[in-house]
Every structure is written in C-alpha cells, then in structure tokens.
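Notes follow the structure.
Quick note on labels: first sequence line is chain A, next is B, and so on, each numbered from 1.
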Protein chains: 2
Amino acid sequence: MSEIIELLKTRKLKATPQRLAILEFLNGKTHPTIEEIYEAIKKGFPSISLATIYKNINTLKEMGVVTELNPGGKAKYDINITPHFHGVCQNCGKIVDYFDSAAMEKCKDTLSEAVGEDIKGLNITIDIVCSDCSK
Amino acid sequence: MSEIIELLKTRKLKATPQRLAILEFLNGKTHPTIEEIYEAIKKGFPSISLATIYKNINTLKEMGVVTELNPGGKAKYDINITPHFHGVCQNCGKIVDYFDSAAMEKCKDTLSEAVGEDIKGLNITIDIVCSDCSK
DNA sequence: CTATTTGCAAACCCTTTGCAAAAAT
DNA sequence: ATTTTTGCAAAGGGTTTGCAAATAG
C-alpha cells in the first residue's frame with residue numbers, strides 16, 4: 001500500500017481519505033463493481049458521492065493501478081499487480097483469481113507461436129462454477 | 001447460415017427479414033457494435049429501429065448463436081461457432097480472430113492442471129497491435 | 001387466425017460533466 | 001496560496017420497456 005502512496009506523490013495526486021479508503025478496499029481483492037465500492041466506502045464516509053468513486057477509479061485506471069474487467073458487460077475493478085488470470089463463475093458471476101504465473105507463461109509461449117506475432121499482453125478468463133455454487 | 005434458420009424454427013422464432021439481415025451481417029465476422037449493426041441494416045431497412053437490433057441480439061445471445069465480447073467495456077458481437085481466440089488491438093480497438101484450436105487445447109490443458117478444477121470454457125484475449133496500426 | 005415481432009417513444013439505467021465549497025500540499 | 005478534490009445536481013449515452021400496428025407461420 002505505501003508504494004501506492006508514493007506513486008500518488010510522484011503523480012502529484014493528493015492522498016485524500018476517500019481515495020485511500022478506496023485503495024484499501026480494492027486491496028481486499030474482491031473485484032467489486034462501482035456500486036459495491038460506493039456502498040463499502042459510504043460506511044466510513046456517509047457523505048461520499050458516486051461521482052467521487054467514478055473519478056477516483058478513472059484516475060487509478062489511468063495510473064495503471066487498477067484494471068477494469070468486464071465479464072458479461074459488468075465493470076469490475078481489480079487492483080492486482082501480480083500477474084494472474086481469472087475464473088468467472090457461470091452461476092453467480094463471481095471472479096476468482098489464479099496466481100499460477102508459470103502456467104500463464106506457458107500459455108503465452110503457446111499462443112505466441114500460434115499467432116507468429118508479438119504479444120503485448122495476455123488476458124485469460126476461464127468459465128467455472130465456483131466452490132460456493134457447486135455445493 | 002441455413003442451420004441457423006433451422007435453429008430459429010426449432011425455437012419457434014420467426015425468420016423475419018430484419019432478423020435474417022442481422023444474422024447475415026454478423027456472419028461477416030467483423031465483431032460489430034450494436035450501433036454498427038444498426039447502421040449496416042438500415043441500408044436495407046431504412047425504417048428499422050435500434051430497439052429491434054437490441055431485441056434480436058438479446059434473443060440470439062439467449063440462443064447461444066451470438067457471443068458478447070466486452071473489450072474495454074464496449075459490447076461487440078461475435079457469431080463464430082468455431083473455437084477461436086481474440087486479439088484486441090491496443091491502438092484501434094479492433095478484434096482479430098485466431099483459429100488455432102490446437103493452441104487453445106494446449107492452453108486449456110495447461111490451465112486445467114494449474115487450477116485443478118473442471119474448466120467449463122476458456123476465453124483467451126491477447127493484446128496486440130494489429131497489422132494496420134503497426135504500419 | 002394467433003403469436004411473435006416491429007417501430008416508436010418514454011423510461012431507465014450507468015457514467016460523465018460543471019461548478020462552487022472544502023481540503024491537501 | 002495554489003491546485004486538486006469533493007459532493008451535488010444536471011446532462012449524456014446506451015439499453016430496455018410498453019404498447020399498438022404489422023407480419024410470419
């Protein structure tokens with residue numbers, strides 16, 4: 001987290017309590033929607049507005065601190081820096097992280113060879129039924 | 001295409017000229033947005049409404065004939081039945097298809113092993129700079 | 001003839017914008 | 001003191017809905 005505050009400083013962005021609360025909440029790695037962030041932050045800052053969430057998320061996207069995922073057209077936000085891939089539960093829509101970077105590299109190699117082109121980045125999403133839903 | 005008309009029949013959906021035109025246009029495999037579909041169909045059906053495009057795309061999604069892609073939060077539609085993966089141009093946003101199913105299988109195996117779970121489906125997107133943009 | 005579909009307009013999201021007051025550096 | 005950020009309300013853009021008229025089966 002503190003490295004993110006450093007990042008804020010170098011970009012001349014102010015470390016407001018609202019912004020820090022959003023970052024802290026995102027760090028919980030729950031891939032929340034805007035609405036979910038809003039509801040969560042409102043507990044500590046009852047007067048916060050949705051516009052503030054949107055503005056912060058947009059600046060964080062521009063900074064590269066946050067990634068937007070759009071499974072099924074619904075925007076969800078991910079603060080992960082570590083390379084990973086996602087599982088989307090076909091039943092409840094939840095996103096699950098998988099951190100096997102060796103597997104990702106292997107896929108990247110396979111795909112590079114297949115397309116014969118330089119791959120700038122790789123997004124892998126697998127359709128799953130999450131452990132909660134398969135009960 | 002004719003197998004799709006069969007599919008319409010079995011689902012008791014009517015083969016209206018507008019619907020057929022949309023299917024034919026999607027078959028061009030250009031991953032259009034709703035607006036692009038609308039503009040294209042309007043050439044043949046000047047009085048068609050956007051709502052008709054939306055309604056048709058939604059029923060086609062439910063039928064599984066069409067897949068919705070959301071690169072960067074923009075909905076685009078894909079009629080492909082053949083397994084394939086996508087490249088998204090980081091410069092112009094265009095989607096490129098790659099039909100190497102052997103590579104996809106290989107990735108699927110790699111990932112199955114990594115997650116130790118049953119994978120229902122696999123979505124692979126690679127970030128690229130397309131041939132037009134790299135000129 | 002009956003059920004679906006179309007096209008229009010209104011309604012409904014979700015997201016962005018403009019601006020004055022508040023807060024951070 | 002300067003510049004950014006907040007919070008509000010209004011505006012904007014994309015998508016869905018309700019309904020009467022038209023059309024497919």
Review point. Which nucleotide in the list D:dG7, C:dT15, C:dC8 gets nearest to the side chain of B:Ser49?
Key: C:dC8
Check your understanding: Quick one: A:Glu6 CD to C:dT25 P, roughly how many Å, whole number?
Key -> 12 Å
Review point. Using 30° and 60° as the class limits, which term best fits the ring planes of B:Phe99 and B:His84: parallel, tilted or perpendicular?
Key: tilted
Check your understanding: D:dT15, D:dT4, D:dG25: which one has an atom nearest the side-chain heavy atoms of B:Ala75?
Key -> D:dT15
**Study point:** Nearest-nucleotide pick for B:Pro17, side chain only, options being D:dA24, D:dC8, D:dG14
**Key:** D:dA24
Point to revise | Protein-nucleotide distance (A:Ile37, atom CD1; C:dC14, atom P), rounded to Å | key: 14 Å
Review point. Between B:Glu39 and B:Lys42, is there a salt bridge with N-O shorter than 4.0 Å?
Key: yes
Practice item. Take atom CD of A:Gln18 and atom P of D:dT6, then tell me their distance rounded to the nearest Å. Key: 5 Å
Review point. In whole angstrom, what separates A:Leu50's CG from D:dA11's P?
Key: 18 Å
Exercise for review: Using a cut-off of 6.0 Å, state whether more than 12 heavy atoms not belonging to B:Lys108 lie near its atom NZ.
Suggested key: yes
Review point. Less than 3.5 Å between a donor and an acceptor, one on the side chain of B:Lys55 and one on the base of D:dG18, is that the case here?
Key: yes
Exercise for review: Ignoring backbone atoms, establish whether A:Asn58 has a side-chain N or O less than 4.0 Å from OP1 or OP2 of C:dT16.
Suggested key: yes
Check your understanding: Is there a donor and acceptor pair closer than 3.5 Å between the side chain of B:Lys12 and the base of C:dA3?
Key -> no
**Study point:** d(CD1, B:Ile48; P, D:dT23) in whole Å
**Key:** 14 Å
Check your understanding: At under 4.0 Å, does any side-chain N or O of A:Tyr54 touch on OP1 or OP2 of C:dT15?
Key -> yes
Check your understanding: Of B:Ala51 and B:Leu13, whose nearest nucleotide on DNA chain D comes first from the 5' end?
Key -> B:Ala51
Review point. Quick one: A:Glu35 CD to C:dT15 P, roughly how many Å, whole number?
Key: 9 Å
Practice item. Verify the contact: side-chain N or O of B:Thr16 to OP1 or OP2 of C:dT6, cut-off strictly under 4.0 Å; return yes or no. Key: yes
Practice item. Might you confirm whether atom CD of B:Glu113 has over 12 heavy atoms from other residues, nucleotides or ligands at distances under 6.0 Å? Key: no
Check your understanding: Among A:Thr125, A:Asp78, A:Asn123, which residue meets the side-chain hydrogen bond (donor to acceptor under 3.5 Å, both in side chains) test with A:His86?
Key -> A:Asp78
Exercise for review: Scan B:Ser47 against the nucleic acid and name what it touches under 4.0 Å (heavy atoms): base, sugar-phosphate only, or nothing.
Suggested key: sugar-phosphate
Exercise for review: Rounded to the nearest angstrom, tell me the gap between atom CG in B:Leu20 and atom P in D:dA24.
Suggested key: 10 Å
Practice item. Name the closest nucleotide to the B:Arg19 side chain, picking from C:dT6, D:dT16, D:dG7. Key: C:dT6
Practice item. Describe the nucleic acid contact of A:Pro46 in one word from base, sugar-phosphate, nothing, applying a heavy-atom distance below 4.0 Å. Key: nothing
Exercise for review: Quickly work out the B:Ile22 CD1 to C:dT5 P distance and round it to whole Å.
Suggested key: 12 Å
